[in-house]
Amino acid sequence: MVGPVQRSVRLISAYAACAAAIGLAAGIGWMREPRQYRTDPAVSHDLENFRLMKNGIGGAPPDVYFALGKPYETTAYDLSQGKRLYSWFGCAACHGTGEGGKGPSFIDGWWLYGPSMVSIVASIRDGRPHGMPAFRDRMTTDEIGQLAGYIKALGAYAATNSAPSRNDDKHSRPAENRAPAAALFEQGPVPMHPDQGPSP
Amino acid sequence: MQSAWDAQGHSAEVLKHLMLGIIGVCTLIWLLVVLMLFAALVKRRGQAPLQGEHAERKTRLVVYLSVAVTTIIVAGLTLASFFATRDLVVGRDMDLTVRIKGQQWWWQVTYEGSSFGPRFQTANELHIPVGRNVRLELESIDVIHSFWVPSLAGKQDMIPGRMNVLTLRAERPGVYRGQCAEFCGLQHSHMALMVVAQDDDQYRRWAQAQALDAAVPDDTEVQAGRAVFMRKPCAACHTVRGTEAQGSSGPDLTHVGGRRTIAAGLLETTRGSLAAWTADPQTLKPGTNMPIVPLTSEELQQVSAYMETLK
């Protein structure tokens, strides 16, 4: 037999469990990465000041980039926008879905100009020798950042929690957030051009 | 605002009659049920209930009758619905074919060449000749959208990777508002479309004008605006036919100044709204794929002047 005391204890613990579940859901909702649709023009202007090393490889992003918490590399919304821009601006024509083609691969584990955000931004913005066009006049600073963040994610060696939207069409490689470069690592970079980038 | 009760096209009229029929029948049944219930409630008690052979027979008759009537009514409504749906495909001869691609959050409209006019592309505004069968080929490039102009036809989904077909036939001239009817993301509510039904002559004139390249500006401010447009990222996403702007990811702007609204029904087309939209699309339509392109106030003036002249 269940006594009245036991019954009320059960009732109270059931209520407590419900409240805890609702609290947990609210907490997760609260912790959700807020989406930033509108980059303040002043911030955007400051984000242009990526300082690139003389040799065109690596450098330092502006302080505001760190103050914002490296937005382009960590927020799923920016990664998704980057993925959209990847198709909008025809990157696939030379780089495929990341495996390369006329242009270098992003997922063979090699970077001709290093894996830093600054190098990738500079490659998109200013172009690179032997075929990479400059997108300075075709994309805004924000868009270049989003695209660079996406490409960095493609070539990452470690899986992350932030993922862009999934493909609708057939998958030709592991999803972006599952570090395709770690699985598809090549022993040496696929040679693109004799004067291009460092060789191992 | 759009309403399915304001039927101005063949399909919409068929659907309106079906809705009226079903609502009428159901209302009648509901009234009868309520009336019976009321009669049972007010009936005086005290009489002994019927019993025996006679009562059995009476109950059985009532059950038989109500099952029969229910079957007839449901079958009737099903048949009415079947014939109405079959009637939605108006005629087999199509006078005009238009391909509409839904995307976040606007409509790309491509007219196929026909006896009614040449082939050209526009956005967010669909002109159709009154009394003609227009075949709409509906597609999507990102997520599922739904094409819905309640005054002209029922909804039809636009699904990535496949093509759905819908026939529009406007019976009377007018401007009918359409709206995306499948939740498609942040700006789903600001994904509207205007359908302008006009007579054959007006339609032909409109189509001829749309197929032309953009006007060449003679005003210096407008010329400066054009130069800014070509130099800045605008030209990478938008097409202005007759210039080097050949981008295809944003709406075709060749005749943007002649459209009733901008940004898929968000604002009426005026120079002011064009400037406001260019200056800060992310405040007017947060999340839209049009970025804030940094322009000086002078450049903004020039670009808005240019956009306004693209009639």
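Values below: all heavy atoms of this structure, side chains included; hydrogens, waters and symmetry mates excluded. Per chain, numbering begins at 1; letters A, B, ... match sequence-line order.
Of the listed residues (A:M139, A:Q81, A:E143, A:R84), the one with the most heavy-atom contacts under 4.5 Å to chain B is A:R84. Among B:V293, B:L186, B:T283, the residue with the largest count of heavy-atom pairs under 4.5 Å with chain A is B:L186.
Contact of A:T141 with chain B is not made at all, since no heavy-atom distance falls under 4.5 Å. For chain B, no part of A:D142 is nearby; none of its heavy atoms comes within less than 4.5 Å. Heavy atoms closer than 4.5 Å to chain A are found in both the backbone and the side chain of B:N289. Proximity to chain A (any heavy atom under 4.5 Å) is restricted, for B:C237, to the side chain, taken from C-beta onward.
For the residue pair A:E99 and A:T97, a side-chain donor N or O sits within less than 3.5 Å of a side-chain acceptor on the partner. In this structure, a donor-acceptor pair under 3.5 Å is absent between the side chains of B:R135 and B:T97.
For A:R138 and A:F89, the positive end is not near the middle of the six-membered ring at less than 6.0 Å and at most 45° from its axis.
Here the shortest heavy-atom pairing between B:I100 and B:L136 reads CD1-CD2, 4.1 Å.
A salt bridge is defined here as a Lys NZ or Arg NE, NH1 or NH2 lying under 4.0 Å from an Asp or Glu carboxylate O, and A:K152 with A:E73 meets this definition.
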